[in-house]
Amino acid sequence: MTSGQTGRNRSLESLMVMDKPAMVPTAHALHKGISGQGLEFENLSYSVLKKQKKDGVWITKEAYLLNDISGRALRGQVTAIMGPSGAGKSTFLDALAGRIAQGSLEGSVSINGRPVTTSYMKKVSSYVMQEDQLFPMLTVFETFMFAAEVRLPPSVSRSEKRRRVHELLDQLGLQSAAHTYIGDEGRRGVSGGERRRVSIGIDIIHKPSLLFLDEPTSGLDSSSAFSVVDKVKDIAKGGSIVLMTIHQPSFRIQMLLDQIVVLARGRLIYLGSPTSLPGHLAGFGRQVPDGENSIEYLLDVIKEYDGSTIGLEPLVAFQRAGIKPELAARTPVPKTPHQRPKVTKVINLQSVQFSFSGIAHGHDPSYVEDDDQEEFDNSLERKSHVSMASSAYPRLASHFYKDFPAWIYHGVKGTPQRRPSWTPARTPGPTPGKTPIVTHNRGTRKPNPNPKTPVYHRGQDHHHLEIEAPREPDYSHYQAPMDAPDHGPKFANPFLREVVVLSWRTMLNVIRTPELFLSREIVLTVMALILSTLFGSLHDLHVKTINKIMNFYIFSVCLIFFSSNDAVPTFIQERFIFIRETSHNAYRASSYVISSLLVYLPFFAVQAITFALITHFMLRLNSNMFYFWLILYASLITTNSYVMLVSALVPSYITGYAVVIATTALFFLTCGFFLKRTKIPIYWKWLHYISAIKYPFEALLTNEFKGARHCYKGNLADLSPGPLGQVKFSSLHNTSDNCPLIGQDVLETMDIQIGSIWLDVAILLAWGVLYRLFFYVVVRFYSKNQRK
């Protein structure tokens, strides 16, 4: 930096701390010199509809979570978004990252002077969520390698990806934990600070231009929090634009911040460097006490104004146009305005006297908070107020920071807007034909003689600010938004490569979590042994055996379906990981759906053959062994697809279990065993055809009884009680033979029309494909981490 530049910066800083409102430079004036740098946001507003009960009546009211916020975040710097609880920090971060649904967000976001679309924002940015959503049974190195495989294109060799992973481990200080499992509540793994750094690392492996972090220090001790922010600072120095929300940063962390954005109730209170904050407060008339942390002091001031009848308007107006409030507005009026006597209070605290006197002032009721709208007179008395130092930290020293000038655009209302990026801009503000006026204390409303010209001026007593109607937007220099299709493919890798990489990760998780496979394998093995001993031999061709065979088959199919309930938590546990990874185009939703099926296919085959082998040979069934296994295998595939669909639709695994059990019981009731097709009421008959148990049950009976190859001896009266009821003889039954019942008669009596094993299996698998297709639609279009 040259000496001339240094002098100009010091002059600017000195202007910011002077106690003359006319000398405080406005944000609009400072904005002109830095157009086209970094991430720019203009007139961002976001509102939701809330229901409130007033006077016993529920009313719907529009509440702004963000209200006309403008500014800039520069490349190579860390911008921290701060404010009290409920200030809108996370909402503001989501708005910048394109995580608010199209049409809900008002305003525009641009990069390097050009507006961008949400698809382009996803391509060039990464978003680190507040919660660390990671696979517990993967090591740190494997987690980074997976991120490299899906984030980096195939043109980058595997050796280059490994080199980049090792560089990232070194950059984040994770070399010693490279081969440690991530872990979770039940498995010991990396520490909290290391876990947080891993979450950051997987989102910067591809070196994004923008990095968004939601509360990266949440839940960490002071040392770990500083380490995380220090690494984030290094990332910014590498040329990225870094924005993060943070709550109550320590003094050491504040020293790492280049710029802070302070919000309150969705309004912009301050945007600039931490070193400029004391001067900003001094210009406002609230000098930071010695030994007080300026950021904490600003939060105290915000709380005071927010809890008063004045509200936050003086702070917002001073931020926008540098209008210094009058003395009466420097100490806000409390919420209890009914005590009218003038109060004079003198406090002697450590030989320092503070004298306060209540000063009457006027109010504009239109700017009183909604929950404070109650009857009050035009003249209110201020109560005495004392602000005492509450922190042992000294004031931030300017030599710890660069001379970062406060020339960030603070968004003066009325400035001509750019054309919106991904949503139409409808900035809250002047209504056509009306003249909005912000009046502080004493002042009169004066209409603007020329509504098309924005005028920002104060009264002669410097206590009156009028904001007049804006000009029509000027689109003469409009540039088309940058979109992803013009800047390379949407995804880094082709579909097949994504399927391979995702299958590799899923396989590792299954192998390292053997209970997912062994629990079902053990259940099927134990139940197969129990059933075989209960039913004994089913080889005898006797009429009494028919009901036992059908009872065994229906119970076997239901066991297969109910044993798949343990898949309910599978997607629920991975849902947030899936959302985090796909929200910035790490891979396609279709790749995830296909890979999750491919990995489990061999496990389903092993489970089906285990049950089939034990029961078929112990019960000495007359059916074909291969078809028996094939039907059970298809049943496992279909029921897993159905359970995955339910898991994607329900909010929790408890609800998922309830839905799966209820629907499986309904399938069981209408499959044709308890109620034959002809006995089901016509208005419920559709349940028979959508029952996923109908087709494997009919296929098993077809495999056992089809044709006239088996002749069952005995008395037909022995069939009752049982599911057959009155026997219907098929056309294959030859009454001249000494055979009271053949297998085909059983199928005719059970109203089985298909009579083809392959067709039943095909329909069963078609239902499985349909369930997977619905599952894809849900995760593709409805599993988005996006505000409405």
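Thr91 places no side-chain N or O within donor-acceptor distance of the main-chain N or O of Leu65, the cut-off being under 3.5 Å. Side-chain atoms of Glu498 come within 3.5 Å of backbone N or O of Arg588 as a donor-acceptor pair. With Lys89 contributing its side chain and Gly83 its backbone, the two residues share a donor-acceptor pair below 3.5 Å. In terms of modelled atom types and a separation under 3.5 Å, the side chain of Ser240 and the main chain of Pro208 share a donor-acceptor contact. No donor-acceptor pair under 3.5 Å is formed between the side chain of Ser276 and the backbone N or O of Gly272. For Ser224 (side chain) and Asp221 (main-chain N/O), no donor-acceptor pair under 3.5 Å exists by modelled atom type. Lys122 contributes no side-chain N or O that, together with a main-chain N or O of Thr582, makes up a donor-acceptor pair within less than 3.5 Å.
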Step-by-step salt bridge (charged side-chain N to carboxylate O under 4.0 Å, His left out) determination, Glu131 to Arg196: CA-CA 9 Å; Glu131 298 295 332; Arg196 172 56 56 167; over 6 Å; no
Trace of the side chain to side chain contact (heavy atoms under 4.5 Å, CB included) decision for Thr139 with Ile182: CA-CA 6 Å; Thr139 65; Ile182 299 298; over 6 Å; no
Salt bridge (charged side-chain N to carboxylate O under 4.0 Å, His left out) assessment of Arg320 paired with Asp68: CA-CA 11 Å; Arg320 287 181 174 175; Asp68 201 16; 3.4 Å; yes
From CA spacing to verdict: side chain to side chain contact (heavy atoms under 4.5 Å, CB included), Lys50, Thr60: CA-CA 6 Å; Lys50 291 185 177 181; Thr60 302; over 6 Å; no
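Below 30°, between 30° and 60°, or above 60°: for Tyr592 and Phe578 the angle between ring planes is between 30° and 60°, a tilted geometry. Ring-plane geometry between Phe571 and Phe775 is classed as perpendicular, the angle between the planes exceeding 60 degrees on a 0 to 90 degree scale with a lower cut at 30.
Under 4.0 Å is where a charged nitrogen must lie from a carboxylate oxygen, and between Glu313 and Arg265 no such pair does. Under 4.0 Å is where a charged nitrogen must lie from a carboxylate oxygen, and between Arg187 and Asp184 at least one such pair does. Classification of Arg197 and Asp230 as a salt-bridged pair fails, no side-chain N sitting under 4.0 Å from a carboxylate O.
For the 3.5 Å distance criterion, the side chains of Asn293 and Gln254 qualify, holding a donor opposite an acceptor. No donor-acceptor contact under 3.5 angstrom links the side chains of Asp94 and Tyr46, judged on distance only. Using modelled atom types and a 3.5 Å distance limit, the side chains of Glu581 and Tyr587 yield a donor-acceptor pair. For the residue pair Gln259 / Ser273, no side-chain donor-acceptor distance below 3.5 Å is found, with atom types taken as modelled.
Looking at Arg75 and Ser209, their side chains come closer than 4.5 Å, going by heavy atoms from C-beta outward. The shortest distance between side-chain heavy atoms of Phe318 and His280 falls below 4.5 Å. Residues Val242 and Leu213 have side chains in contact (heavy-atom distance under 4.5 Å, counting atoms from C-beta outward).
You'll find the ring centres of Tyr305 and Phe284 inside the 6.0 Å limit.
Among residue pairs with one or both ends in residues 202-220, those qualifying as salt bridge (charged side-chain N to carboxylate O under 4.0 Å, His left out) are Arg151-Asp203; sequence neighbours excluded.
The two residues Gln133 and Arg580 make their nearest non-hydrogen contact at O-NH2, 2.8 Å.
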